[in-house]
Amino acid sequence: MTYNQKINEIIAQVAEIAGYLWERGWAERNGGNISYNLTEYADETLRTLPGMGEPKELPMAMPHLGGHLFLVTGTGKRMRYVHSQPMDNASIIRIAYDGKSYQIIAEKEIVPTSELPSHLLIHDYIAAAGRSERAVIHTHPTELVAMTHNPAFLQKDVMGTLLWSMIPETRAFCPKGLGIVSYCVPGSTELAQRTVEELHHYDVVMWEKHGAVAIGTDAIEAFDQIDTLSKSAKIYLSGCSMGFQPQGMSMEQMEELKRIFGL
Ligand code: 13P
Ligand code: ZN
């Protein structure tokens with residue numbers, strides 16, 4: 001299958017990011033998944049490819065995604081192989097015009113991630129809001145997930161504010177902080193709906209005792225946000241393992257950053 005240059009670049013970028021997720025140790029076995037809205041980059045040939053097999057019904061309608069195309073990693077597929085052989089471990093799907101079902105259109109009949117409800121509902125929200133994000137990443141960053149096992153960190157903005165205070169970069173490059181979704185069954189529509197509610201206010205959301213979800217204008221931007229928050233979590237845990245609670249930047253210092261960077 002040949003794609004236009006932009007689609008090839010997106011496939012290469014998703015493969016690049018999948019490699020980072022594996023290298024970071026965030027992608028045990030088939031942990032994590034990536035989706036990318038290709039609609040505006042697809043040419044007529046890709047848009048009109050015949051579907052493979054019968055349309056698959058979605059668990060809920062996606063009213064703003066009729067006719068949209070997505071690159072989606074496959075369920076049970078390993079990020080380390082998405083990196084080395086992306087189109088053997090991901091497929092391109094097309095949402096039906098009524099937003100109620102999808103078909104795989106390329107390249108192989110690889111069943112999309114079990115987290116498709118969350119990915120598509122997030123893209124539906126982005127489309128409805130006219131936002132510019134096109135990539136959604138879900139991954140299992142060890143230290144960030146560990147922190148969600150402390151109930152104190154699940155209170156609104158507690159974990160996000162703590163992570164902001166660990167290093168100026170996190171305050172500057174994750175300006176919206178961190179949303180929290182309390183434990184839900186993986187792949188469930190409840191998880192999808194509650195994630196979208198948090199995305200009204202945050203660009204990165206933690207799923208309690210499970211993982212992180214980030215959105216970005218591309219996959220690099222989404223990855224960088226999780227990576228930056230993960231760096232803060234590592235600094236926090238390093239301090240704790242040395243036997244002290246890291247002091248963190250003061251509220252005044254963080255306010256100063258906000259002013260200087262126009263956050
Ligand atoms: P998939 O293999 O279905 O993408 O699931 C991985 C995962 O992380 C579920 O939350
Ligand atoms: Zn997961």
Side-chain angles (χ1 to χ4, degrees), residues 11 13-38 53 56-60 62 70-93 95 102 104 107-123 135-149 154 159 178-196 198-199 202-216 219 222-223 225-227 229-230 233:
I11 294 170
Q13 189 188 87
V14 166
E16 176 190 342
I17 297 302
Y20 300 156
L21 300 181
W22 165 246
E23 280 170 13
R24 287 278 189 274
W26 300 346
E28 73 293 340
R29 198 175 185 275
N30 60 310
N33 22 76
I34 305 175
S35 65
Y36 206 120
N37 191 335
L38 304 177
K56 308 264 181 343
E57 208 178 311
L58 290 166
M60 63 194 107
M62 304 291 165
F70 295 91
L71 176 64
V72 191
T73 56
T75 186
K77 299 297 185 188
R78 288 151 171 85
M79 285 296 140
R80 58 187 189 265
Y81 303 137
V82 174
H83 173 64
S84 55
Q85 294 139 304
M87 294 316 282
D88 285 338
N89 294 280
S91 51
I92 299 176
I93 64 169
I95 311 295
Y102 74 89
I104 300 170
E107 207 171 288
K108 298 183 179 164
E109 219 171 329
I110 290 161
V111 178
T113 172
S114 57
E115 299 290 1
L116 194 64
S118 281
H119 282 264
L120 289 185
L121 204 62
I122 291 169
H123 287 293
V136 177
I137 296 180
H138 161 58
T139 187
H140 301 167
T142 315
E143 294 86 355
L144 288 170
V145 175
M147 289 180 77
T148 70
H149 286 259
L154 301 177
M159 189 167 154
L178 192 56
I180 303 278
V181 170
S182 56
Y183 184 80
C184 290
V185 174
S188 61
T189 53
E190 187 192 359
L191 179 60
Q193 279 156 346
R194 291 180 48 195
T195 304
V196 166
E198 291 298 298
L199 286 173
Y202 307 97
D203 286 338
V204 186
V205 175
M206 286 308 298
W207 290 346
E208 180 187 346
K209 303 185 181 91
H210 180 169
V213 180
I215 60 177
F223 170 81
Q225 295 225 37
I226 303 177
D227 198 32
L229 287 159
S230 168

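Numbering of ligands and ligand atoms starts at 1, following listing order. None of the values given here were measured: they were computed from a predicted structure.
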Tell me whether the centres of the aromatic rings in His138 and His119 are closer together than 6.0 Å.
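No.
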For the residue pair Phe70 and His123, is the inter-centroid distance of their aromatic rings smaller than 6.0 Å?
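Ring centroids of Phe70 and His123 are less than 6.0 Å from each other.
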Protein N/O/S neighbour count - the Zn ion (ligand 2), strictly under 2.8 Å:
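N, O or S atoms of the protein closer than 2.8 Å: 3.
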Using modelled atom types only, decide if a donor and an acceptor are shared between the side chain of Thr73 and the backbone of Asn33 within a distance under 3.5 Å.
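Such a contact is absent between Thr73 side chain and Asn33 backbone.
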Could you list, one pair per line, each nitrogen or oxygen of ligand 1 together with any protein nitrogen or oxygen closer than 3.5 Å, giving atom names and the distance rounded to 0.1 Å?
unit_1, atom_1, unit_2, atom_2, d
ligand 1, 2 (O), Asn30, ND2, 2.7
ligand 1, 2 (O), Gly76, N, 2.8
ligand 1, 3 (O), Thr75, OG1, 2.6
ligand 1, 3 (O), Ser114, N, 2.9
ligand 1, 3 (O), Ser114, OG, 2.6
ligand 1, 4 (O), Asn33, ND2, 2.8
ligand 1, 4 (O), Thr113, OG1, 2.7
ligand 1, 5 (O), Ser114, OG, 3.4
ligand 1, 8 (O), Gly32, N, 2.9
ligand 1, 8 (O), His138, NE2, 3.4
ligand 1, 8 (O), His140, NE2, 3.0
ligand 1, 10 (O), Glu115, OE2, 2.5
ligand 1, 10 (O), His138, NE2, 3.3
ligand 1, 10 (O), His210, NE2, 2.9

Flag the pair Glu190 and Arg194 as a salt bridge only when some basic side-chain nitrogen lies within less than 4.0 angstrom of an acidic carboxylate oxygen.
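A salt bridge is present here (some side-chain N lies under 4.0 Å from a carboxylate O).
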Would you compute the distance between atom CD1 of Ile92 and atom NZ of Lys108 and round it to the nearest 0.5 angstrom?
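Ile92 atom CD1 to Lys108 atom NZ measures 13.0 Å (nearest 0.5 Å).
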Pairwise distance CD1(Ile137) to CG(Asp227) - rounded to 0.5 angstrom
10.0 Å
Looking at every non-hydrogen atom in both residues, tell me the closest pair between Val136 and Val213 and how far apart they are.
CG1-CG1, 4.0 Å
Near Gln85 CD, under 6.0 Å, is it more than 12 heavy atoms from other residues, nucleotides or ligands?
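Counting other residues, nucleotides and ligands, CD of Gln85 exceeds 12 neighbours.
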Parallel, tilted or perpendicular: ring planes of Tyr20 versus Phe223, cut at 30 and 60 degrees:
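Tilted.
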